[in-house]
**Q** 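Can you read through this structure? Questions will come right after.
Residue numbers run from 1 in the order of the sequence given.
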Amino acid sequence: MEDNKGHLITLEGQKKICVTAVAEVESVTAESIKLVLVGGKRIFLNGTNLKMGAFSKQNATFSAEGLITEIKYAGQKTSLVKKLLK
């Protein structure tokens with residue numbers, strides 16, 4: 001799944017967000033959305049009244065609406081066994 005394709009985040013007035021190069025939607029709640037990007041990195045979106053608009057795995061695009069208050073990046077998710085054996 002390793003790909004050097006970059007991603008683009010478009011935030012419109014804290015009310016609508018569009019993200020490209022999204023491989024997977026990990027979870028969606030009214031307060032948070034977790035996305036996995038192509039290449040394994042993750043993005044966490046926090047806010048209120050968040051609703052997923054659309055996700056296209058084929059086009060690797062994602063959109064959501066609501067009041068977006070925070071965008072966080074995280075590294076690749078690794079298992080506890082990998083961390084212990086490192």
**Q** Under a 4.5 Å cut-off applied to non-hydrogen side-chain atoms, are L37 and V22 in contact?
**A**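 L37 reaches V22 side chain to side chain.
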**Q** Report yes or no: do V25 and I9 belong to one cluster of Ile/Leu/Val/Met/Phe/Trp/Tyr joined by side chain heavy-atom distances under 4.5 Å?
**A**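 Same cluster.
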**Q** Below 3.5 Å, can you tabulate the donor-acceptor pairs from side chains in residues 44-55 to any protein atom, sequence neighbours excluded?
**A**
{"unit_1": "N46", "atom_1": "ND2", "unit_2": "E70", "atom_2": "OE1", "d": "2.8"}

**Q** Compile the donor-acceptor pairs under 3.5 Å between side chains in residues 13-21 and protein atoms, sequence neighbours left out, one pair per line.
**A**
{"unit_1": "Q14", "atom_1": "NE2", "unit_2": "I68", "atom_2": "O", "d": "2.8"}
{"unit_1": "T20", "atom_1": "OG1", "unit_2": "L8", "atom_2": "N", "d": "2.8"}

**Q** Could you grab the distance from atom NZ of K72 to atom CZ of R42, nearest 0.5 Å is fine?
**A**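 Reported value, rounded in 0.5 Å steps: 11.5 Å.
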**Q** What pairs with S32 under side chain to side chain donor-acceptor pair (under 3.5 Å), at least two apart in sequence or on another chain?
**A**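 Side chain to side chain donor-acceptor pair (under 3.5 Å) list for S32, sorted by chain: T29.
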